[in-house]
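These figures come from a predicted structure and were not determined experimentally. Every chain is numbered from 1 and lettered A, B, ... according to where its sequence line falls, protein lines coming before strand lines.
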Amino acid sequence: MALRFWKPGTAGPGSSLDRATESEGNIVSASPAGISQLSVQSQRERLPIAKHRQKLLYSVEKYGVIIVVGQTGCGKTTQLPQYLLEAGWAADGNVIACTQPRRVAATSVATRVANEVGSLLGDEVGYTIRFEDVSSKERTRILYLTDGMLFRETLIDPLLSRYSAIMIDEVHERSVYTDLLLGLLKKIRRKRPSLRLIVSSATLDANSLLNFFQSPDNPDEATIVSLEGRMYPVEVAYLNEPTSDYVRKAAEVAWNINLQQPSGDILVFLTGREEIERCLEELSEMLATLPKHAPRLLLLALHAGLSTNEQLRVFETPEKGSRRVIVSTNIAEASVTIDGIKYVVDCGFVKIRTYNPTTTLSSLATVPTSIASSTQRAGRAGRTSSGVCYRLYTMSAFESLPPATPPEITRVDMTTPILQLKSLGVDDLMKFEWVTAPPAETVLRALEGLIASGMIGEDGRLTPIGEQVSECPVEVGVARMLFRSKEFKCGQEILTIAAMTTVQDVFVIPDGAQGAIAELERRKFTAEEGDHLTLLNAYNAFTKYGGTKSWCSGHALSFRTMSRAVSIRAQLKKYMQRFNLPLESCQGDAKRLRECLVSGYWRNGARWMADGTYKSVRGNKILHVHPTSVLFTRKPRSGWVIFHEMEETKKTQIRILTEIEPDWLLDHGHVYESKGKQESMGPQFG
DNA sequence: GAGCACTGC
């Protein structure tokens, strides 16, 4: 099982780790309590960014848009807002904003900066994320917030007038909200040139960003500032020949590292849970043959499906004389940072969501990573000392990788973002300046859906209900259902169902014997009408019995997910109150409730077929019920259902079903369909 | 009888 790697040494293309990408914002480590301000100061001055302070402040003074390129640990996320504060950018009640794509990053960075500034968190330095606003309207000068929250703020204050400077961080990740904000901020700067925009990215795509912001009539509109970083060298090794089974290969390579290489932990990148479990099985089978002198191995899995406690296990310090092998999904590429990794094994693939606007189906596809992504993965080996990255593909395969993963905006349904842009007055979507435009077909699909659901009128402008729905933080169909609950007098229940369909994986069914017990627990919530009412039952039982963690674990429910549903329900309730929607109960009248569901899901109707599958009303597509549905083994009496979502896996699957009467589809759908684009449900009803 | 990368409002 000898390793056959070609080692190009540090001069190979993979060693260009100055491109390694990741935010210092992800490192969750606040300064220890009681540290003196003086030592905080000297720590700040030692950061690589410190010597660029004058240049940065000069650029912010002179240019409108500053594109900052800097890598891990250079301090841009924590220091740049402080430099601006110290230079007076937050005078006269102005606020300096810094956005993050993730909630944990926003909170942890704010905590650290509050400490450095000597502020109580939420006072001079604060953060705003969904469900949590730790900031003061009067006193906060530096505000860290998720990019989604800043986007939402544009709906209320389109010029973002309270900010003097806005830093959009982690731009290389290209989240939908980051992209939308970049387009909007370019527009805002035309109306408010005093606003300073700092665009921070860890990859060298700075020139395309510069082109995006550069203005032909003002040479001083945008500039690039490059920061040096502190990255330890990472040697990169490739396979001589491609492997047909990278999971097995990953196990072999990790095993050989343990036998041949000096101490240091190993991080293996695979694409999903199944692969991770297979790799760990292979390794644990090999453990019996581990030589006496070799370090013991601590085998750990890391993926988003694990509970918080299980995820935290990867941070445990291994016993002396043993090393960690962490087998992870992409979660370790940007979201979770583990120190002490000296060896990275990269399979070269990643699972990404793709969206097909023609079929409106989304699916998860396993695709080769990008140069940016594999560079990022390699960089995980050089955080605390020099390291090695073993790529389970050839060097020529690396060279043929795309430079970056396509931005999310090209891979998702754009219905909700387009409704929100319309609400912001962006009426002509073709004229909106996208950093990367979504596919035309995606835009057309979204517009068609918005017209069909009455959110946009025939003139292309928002209707009154469209205006209100654009403010609600749920997808359009679910919002529509909330609004229609007034007619069906079931606001209480619809509110709960809306929250429960928004969260995912409510039921926890482990493998094996325990799974059978969990399955029995889950059945206690079953409503014969279908999954929406089953979710309603689960929620009501959860709140009735105190909403505790121990109750959840005894009833096959995820406490984390249920708590999130409670928060979302509370937030949606505020919107309902604002729009004067009554919170009545249907008093157990499930028929009314199901009719109301149809008002949201009328485009997702399906008819039962004799072989147990369904045919979609739109498009006549063969649909398979997801096995977690209570209607998985049972024919609905009426033969008709609506469903929450449909996804392409090996087959086309539908999830969260409820039995309905077919004429309800006509009652709700037909009216709206005929107003919008003609799309007859015709023959199926003949 | 199946299986799920990761965020975010």
Without decimals, in angstroms, what is the distance between [X] [atom1] and [N] [atom2]?
X: A/R102; N: B/dC6; atom1: CZ; atom2: P; answer: 12 Å
X: A/I276; N: B/dG3; atom1: CD1; atom2: P; answer: 18 Å
X: A/E408; N: B/dA5; atom1: CD; atom2: P; answer: 16 Å
X: A/K650; N: B/dA2; atom1: NZ; atom2: C1'; answer: 8 Å
X: A/I409; N: B/dG8; atom1: CD1; atom2: C1'; answer: 14 Å

Checklist entry - B/dG8 phosphate, OP1 or OP2: any side-chain N/O from A/Q100 under 4.0 angstrom? => result no

Item to check | Phosphate-side-chain proximity, A/R103 and B/dC9, N/O vs OP1/OP2 below 4.0 Å | outcome: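 Answer yes for this pair, as a side-chain N or O of A/R103 is under 4.0 Å from OP1 or OP2.
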
Which nucleotide sits closest to the side chain of [X]: [options]?
X: A/P473; options: B/dT7, B/dC9, B/dG3; value: B/dC9
X: A/T649; options: B/dA5, B/dC6, B/dC4; value: B/dC4
X: A/T146; options: B/dA5, B/dG8, B/dA2; value: B/dG8
X: A/D505; options: B/dC9, B/dC6, B/dC4; value: B/dC4

Going by atom types alone, do [X] and [Y] pair a side-chain donor with an acceptor below 3.5 Å?
X: A/Y601; Y: A/E645; value: no
X: A/S175; Y: A/T178; value: yes
X: A/Q468; Y: A/R578; value: no

Heavy atoms only, 4.0 Å cut-off, all strands: where does [X] land among base, sugar-phosphate and nothing?
X: A/L364; answer: base
X: A/E274; answer: nothing
X: A/H624; answer: nothing
X: A/T329; answer: sugar-phosphate
X: A/F632; answer: base
X: A/T366; answer: nothing
X: A/I129; answer: sugar-phosphate

Item to check | Any residue meeting side-chain hydrogen bond (donor to acceptor under 3.5 Å, both in side chains) with A/K186, in chain and number order, not counting sequence neighbours | outcome: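 Listed in chain order: A/E433.
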
Item to check | Pair A/R248 + A/E282, salt bridge at N-O below 4.0 Å | outcome: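 A salt bridge links A/R248 with A/E282.
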
Item to check | Upstream residue (5' side of DNA chain B) when A/H303 and A/R152 are each assigned their closest nucleotide | outcome: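 So the residue in question is A/H303.
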
Next on the checklist: If you assign A/G272 and A/Q420 each to the DNA chain B nucleotide with the nearest heavy atom, which residue ends up on the more 5' nucleotide?
Outcome noted: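 Taking each residue's closest nucleotide, the earlier one in sequence belongs to A/G272.
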
